[in-house]
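Presented below is the structure to which this report refers.
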Amino acid sequence: MWVWLGGIGLLIALLLAAVLISYVHVHFTFSKQNHDDYAKITIRLLYGMVRINYEIPSIVFRNWKEGFLVKTEQRMNHSRAEAKSSKRVNKRKVKKWAKDVKVMLRATDALKLWVKQTLTRVHTTHMSWSTRVGVGDAAYTAILIGWVWSIKSSIIGYLSYQIHFERTPVLQVVPVWEDDMKFQTELDWKMKIRITALLIAGIKLMTRVLQVEGGWRAWFKLLQEQRRRRKQKLKDHNSKSHV
């Protein structure tokens, strides 16, 4: 009997160790061709047994007041059901996000340092970013190409101080010598982080929240508000679909 219990305990320990040393893989793709936008995020964990796809097939700019209309689709590998929704990103929504971030900063001890330390655990395994651009004039196109190279280099330079690149990013900027304006960009980005690193980051975050007086109350209130908005949005979506 003790042999069987020992074997079961060893098996559980091995399974737990396999889970802890495994990676969470994130694959982000984004493409834009003139007014057509598309983005997709694929998350794989537990050695690919769990897969979550988050797709953004459309990003439409309405006007300066209404902002962007973002349509999303979410599904998991073990479920055929899809969750479709649409979100508006406008000035009011950005202000609300900024307000929520200020609440988290006040309710957490050195939240910026925690984010920086967590990002150092992220590994980029692949990144390719290509852009084709032209404005219909050769001279201005050449100047714009230089600006695009400068922007890309600055972004990659900043990211290199925040996360670890296992491979050098592949950057490409191609001028389009045509009479019409042309802008097309494609980003393919693969990252990974160990589950152990995520668990440690979660424990550190809880510790930092508890170090601030009333910090956990502020976080709990913020999470409750987010849950209430999600439920209200789902309710509104269901009522519209039944009309």
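Numbering starts at 1 and runs along the sequence shown. FYI, side chains are in, hydrogens and waters are out, and symmetry mates aren't considered; it's all heavy atoms of this structure.
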Between [X] and [Y], is any pair of side-chain heavy atoms under 4.5 Å apart?
X      : Y      : result
Thr141 : Val176 : no
Val174 : Ile145 : no
Thr185 : Phe30  : yes
Trp114 : Asp109 : no
Arg208 : Leu113 : yes
Ile156 : Met127 : yes

Counting distance only, does the side-chain N/O of [X] pair as donor-acceptor with the main-chain N or O of [Y] below 3.5 Å?
X      : Y      : answer
Ser154 : Ser150 : yes
Thr120 : Gln117 : yes
Lys152 : Trp129 : yes

How long is the gap from [atom1] on [X] to [atom2] on [Y], to the nearest 0.5 Å?
X      : Y      : atom1 : atom2 : result
Lys190 : His27  : NZ    : NE2   : 5.0 Å
Leu16  : Ile21  : CG    : CD1   : 10.5 Å
Thr125 : Phe165 : OG1   : CZ    : 10.5 Å
Leu198 : Thr118 : CG    : OG1   : 8.5 Å
Ile195 : Leu46  : CD1   : CG    : 5.0 Å
Thr196 : Leu20  : OG1   : CG    : 4.5 Å

Could I get the full list of ring-ring contact (aromatic ring centres under 6.0 Å, His included) partners for His164, not counting sequence neighbours?
His123
Membership question, hydrophobic clusters at under 4.5 Å side-chain separation (ILVMFWY): are [Y] and [X] in the same one?
X      : Y      : result
Tyr161 : Leu119 : no
Met206 : Leu222 : no
Leu199 : Val26  : yes
Leu111 : Leu210 : yes
Val209 : Ile200 : no

Does Lys96, at its NZ atom, have more than 12 non-hydrogen atoms belonging to other residues, nucleotides or ligands within less than 6.0 Å?
yes
Nearest heavy-atom neighbours spanning [X] and [Y]:
X      : Y      : value
Pro175 : Val173 : CD-O, 3.8 Å
Trp177 : Ala138 : CZ3-O, 3.4 Å
Leu171 : Trp149 : O-CH2, 3.6 Å

With ring-ring contact (aromatic ring centres under 6.0 Å, His included) as the rule and sequence neighbours excluded, what pairs involving residues 205-230 come up?
none
Salt-bridge criterion met for Glu166 and Lys192 (N-O under 4.0 Å):
yes
Which is it for Phe183 and Leu144 under the side-chain contact (heavy atoms from CB on, under 4.5 Å) test, yes or no, and what are the steps along the way?
CA-CA 11 Å; Phe183 181 79; Leu144 185 59; over 6 Å; no
Between Thr29 and Asp188, do the side chains contain a donor N or O and an acceptor N or O under 3.5 Å apart?
no
Indicate the ring-plane relationship of His25 and Tyr23, choosing parallel, tilted or perpendicular according to the 30° and 60° boundaries.
tilted
Please name the residue in the list Glu186, Gln184, Gln172 that meets the side-chain contact (heavy atoms from CB on, under 4.5 Å) test with Arg132.
Gln184
